[in-house]
Amino acid sequence: MPTRQIGWNVGEIAFAVMYVLVAVQALVLGYAFTRRYLMWRRGRDYAPIDRIGERVRQTLAVALLHRRLIRPGYRYAGVMHLFIFWGFVVLFIGTIIVLLEADIARPYFGFSFYQGTFYVVYKLVINLFGLLFLIGLLMAAYRRYAQHLPKFRRSLSDDAIVLAILLFLGVTGFLLEALRLSATRDAAAPIHWVAYPLTLVLNGADPSVLAAAHTLTWWSHMLANTALLVYIPVSKLAHIFTGPTNVFLRATDARAALPLIANIEEQEHFGAARVTDFNWKQLVNFDACMRCGRCLDFCPTFNTGKPLKPRQLIVEVGAYMNRQAGLLAGPAGPRVDEAGVRGHELVAPDEPRLAQVPRVAELIGDVVSEDELWDCTTCRACMEQCPVRIEHVPLIVEMRRNLVLEQSRFPQELVSLFNNLERNANPYSFPASTRADWAAAAGVQELAAVADPGELELIYWVGCMSSFDARNQRVANALAKILKTAEVKFAILGKEESCVGDPARRAGNEYLYQLLAQTNIERLNQYQPKRVVASCPHCFNTLKNEYPQLGGSYEVVHHSQLIQGLIDSGRLKVPAATLRDGFAYHDPCYLGRYNEVYDEPREVLNSVRGGFVELPRCRDRGFCCGAGGARAFMEEKRGTRISHNRLNEAIGAQASGVAVACPFCVTMFEDGVRALNVEERFAVRDIAEIVAEAL
Amino acid sequence: MDIVVTVKQVPDPDIPPTHFKVDEAASKVIPPAGVAPVMNGYDANALEAALRLKEQLGGKVTVVSLGGDSARDTLKRAIAMGADAAVHINDPSLNEADSTTTARALAAAIKKLDHFDLILSGRQASDTDGGQVHLGIATHLGLPAVSPIQKIDDASADSLTVERIIEDGYQRLKVRLPALLGVSSEMNEPRYPPLKGIMAAGRAQIPVWTAADLGLDGVAPRVVLRRLYVETREAKVELIQADSLSEAGTKLADKLREARLV
């Protein structure tokens, strides 16, 4: 009857020590995470946790199925973590099973299940997962130390310690099995199929030597296990608890909208100047990071040598938060100087009296530089890839809000942006009265002049760029031509249209955004449109996902979705496409990642051009053009140019041009094409222009 | 240091030139449709300079403006930026006045204020580009005036040092207070008002004074506007036809000589 003597060669005292150590581990973990929880609660209040069922489902999908971890571009890393995670979990469950057998079933219920078929299956499975555990760890060590990925250039001692302890535990686990099997000459040795080869090697040795080695291994395994568990709260392994917590707490609704400052005129304090200004859910974000670096892989600022590196921002604010709350960063965790945070600093070393005054580091300025905050294009590449759903963009905007609304400290270029938005309802110095001038020439009507607005199928929301910028007026004209050809009854708001407020909101000027939004919402609510189509993804996103916060709910589509719908339904006839010299398709951030509209533009290109070039960094991994986050209105002085990085990718993919669906992308790429001197062989086209050309 | 800043509300100078229209019969500028008037740019520079001096030395910043009802918005903007108080002179007999009358009115208003150490004005208004009013104020108040300036240094309760712009450089002058300075745009970049300021400005009480309050009944203008018009210019382009660049150059040179331009 296959079974094993639980606690063979382990004395009563050893067992007693083991239980004490287990209790110590539990206390340490409980204490450490309770303190962490209390620290999070020092953040501002937030709405009560809703949609519990959905949250639990999402958390389980990420944790158990590794839904966000195994995805295109990360198959190796995802599977590696899957092995480590499930290996550890199954080994842990294995220990619980032994505990149930030895401490509950036998003494209290007088029966034993840890034998026979159960035991055989148990051992087969445990050996499998122990092996997967070790394989995963070796894959991890290879990835971090042998593959020389840019984001792992600065590994910390914490990374090595974690791998070392886990490997040690895995190896000593098998060693314990093999030593026992050899020393007891267990007939059922082969079912322990991973330890079995080692058993064969040990078989010839003196049983007393084996027993002594077993005792040594048992103690080192127990101590290593204790070390691991008490190390968890101060190392990156804290993500075991903080990661799923963060996934659970993330915003489940309107994923694409920034949080609203309600009753803004009555607020005394705006944005985040101190760590406790964030709400408590946001504080969990800073603790959930385990420095995997996926946020850096497609980040436009990291990849062009700019100060902003999302991982660094999260880790540094996390370390700062832990220090503010009096929690230790840990003996091997991100040390103060390694993370680059100054913390308590002497004022002036050469002035002894002043040197006694400790200087407290400020969140904005010391921990996070203003350059980092203004670098962000809000493209969401970081949030999209983060396995534990850290929400970098709202955190950055929260700090921008403090700089703009409270301190009035922001790049000089934004002053004219804000002034223009206030005076002209557009980011430029064109008077609002000229907004519809392009439409007069194109024969497009303004809503105010339409006799029966109820007859209109949709309102075309033109947006500031297509209204005023000459290059983008061509896109508006192209879309107007398409709509006319498809006999769609539409009109534009024209002079009654104001900027949706996206640049103001992203720059942190929530007040100006709300003023603009309220003007637009009043107008739209008067007209009650059946449908709104926008040719700019920023307008599209704000109208669709953010206006509901202020009482404006409309059915909004992007022009790529509309065109695809018109082609599909046959209302728009396009000539059969023959595959022509390939245009690459660039996913606009606010259309792709923000709203998951990846397919419709591609289908349009397939219908009209017979195909397109898919870039390496595509869909949810698309590389930003550099204009989002109000950056289109600021100068790019640090690092290399984001738009050039993207264009070089397209040129490198042998594309003859780039098809886009956003006026900002058009502008950035047109400028880039001129700067890179490739105007002769590389074109930039909006998909509306491509379709209109084919008609 | 208590500072008075004079501001004027003007039509937005950033509108395209084609939108600038004049009613010749009435000799008045037609305000462009849908574009709100703004604080005169140089006055914003003056206000910014005042706010920086206040941050450095403490004291109070008071803003004074002469204009119609809409000028109130400009005064609120000044308070939003950080001014402590504002005074609005609003009287039909004064609102469209010439530089001399405007200077008298503003000087009379400033005399009514508690106390001031320094007056900062923009060097000129961007609609009339007269540059006379601030010098007139100084004359009426018997103050030394330095204009246009691009920098203020070494400010104290008694004096300050300024850089005055001249044609080929600048002069450094030490000015004893009280005095009046005409500020140019090279001085600074006016700040964007923080939201708290905008909220405070909304609640601000701004007293309105008339000609009677200032003792200025029946003031006659010194300057009469005879005609206001937009000069029309014709532009003609003639492209030199030639077979080569050097031939084109020769032909161009000949044409310029014929037109007696070279």
Side-chain angles (χ1 to χ4, degrees), chain A residues 261 263-271 273 400-437 448 468 470 494-498 504 507-515 519 630 633, chain B residues 7 9-21 29-45 47-48 51-52 54-55 70 73-74 76-83 126-127 185-204:
Chain A
I261 302 183
N263 303 318
I264 194 167
E265 302 191 357
E266 292 157 32
Q267 304 301 326
E268 293 281 309
H269 178 54
F270 306 99
R400 283 186 179 183
R401 284 176 176 177
N402 182 269
L403 287 176
V404 170
L405 296 175
E406 203 167 287
Q407 301 194 43
S408 244
R409 218 165 80 202
F410 48 86
Q412 190 58 36
E413 307 105 292
L414 292 180
V415 174
S416 36
L417 170 69
F418 295 152
N419 281 332
N420 286 332
L421 284 172
E422 265 182 61
R423 297 182 198 175
N424 307 320
N426 67 70
Y428 316 110
S429 33
F430 299 109
S433 56
T434 59
R435 200 176 178 105
D437 285 358
F468 295 107
K495 292 188 275 291
E496 294 189 304
E497 187 186 283
S498 300
N509 197 337
E510 179 74 3
Y511 180 65
L512 181 55
Y513 158 72
Q514 288 190 14
L515 287 178
T519 312
F633 305 101
Chain B
V7 299
Q9 188 184 58
V10 298
D12 190 341
D14 283 334
I15 59 168
T18 44
H19 289 256
F20 183 75
K21 303 226 181 339
V29 174
I30 301 173
V35 187
V38 299
M39 184 190 297
N40 177 37
Y42 297 114
D43 293 335
N45 294 115
L47 176 58
E48 174 65 25
L51 293 170
R52 291 191 192 180
K54 173 182 152 181
E55 278 162 13
S70 66
D73 290 333
T74 296
K76 279 166 65 171
R77 175 87 177 186
I79 293 178
M81 284 169 71
S126 57
D127 53 352
S185 55
E186 289 89 333
M187 182 86 147
N188 55 43
E189 294 281 355
R191 66 192 59 185
Y192 185 80
L195 183 52
K196 267 213 183 119
I198 297 175
M199 297 291 107
R203 296 186 292 266

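Throughout, a chain's letter reflects where its sequence line sits, starting with A, and its residues are numbered from 1.
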Between B:L195 and the options A:V404, A:N509, A:L512, A:I264, the side-chain contact (heavy atoms from CB on, under 4.5 Å) test singles out A:I264
Could you tell me if the side chain of A:N424 sits less than 4.5 Å from the side chain of B:D12, heavy atoms only? yes
Look at the side chain of B:K196 and the backbone N and O of A:E268, then say whether any donor-acceptor pair between them is shorter than 3.5 Å.
-> yes
From the list A:E422, A:Q412, A:R409, side chain to side chain donor-acceptor pair (under 3.5 Å) with B:Y192 holds only for A:E422
Looking only at A:P431, A:S429, A:A432, A:S433, the option with the highest number of non-hydrogen pairs under 4.5 Å against chain B is A:P431
The interface call for A:N420 against chain B, heavy-atom contacts under 4.5 Å, is neither
Between the CG atom in A:N419 and the CE atom in B:M39, the distance rounded to the nearest 0.5 Å is 10.5 Å
Honestly, the part of A:F270 sitting under 4.5 Å from a heavy atom of chain B is side chain
Heavy atoms of B:P193 and A:S408 approach each other most closely as C-OG, 3.7 Å
Practice item. Would you please test A:V415 and B:E189 for side chain to side chain contact (heavy atoms under 4.5 Å, CB included) and show each step? Key: CA-CA 9 Å; A:V415 174; B:E189 294 281 355; over 6 Å; no
Honestly, the part of B:R203 sitting under 4.5 Å from a heavy atom of chain A is neither
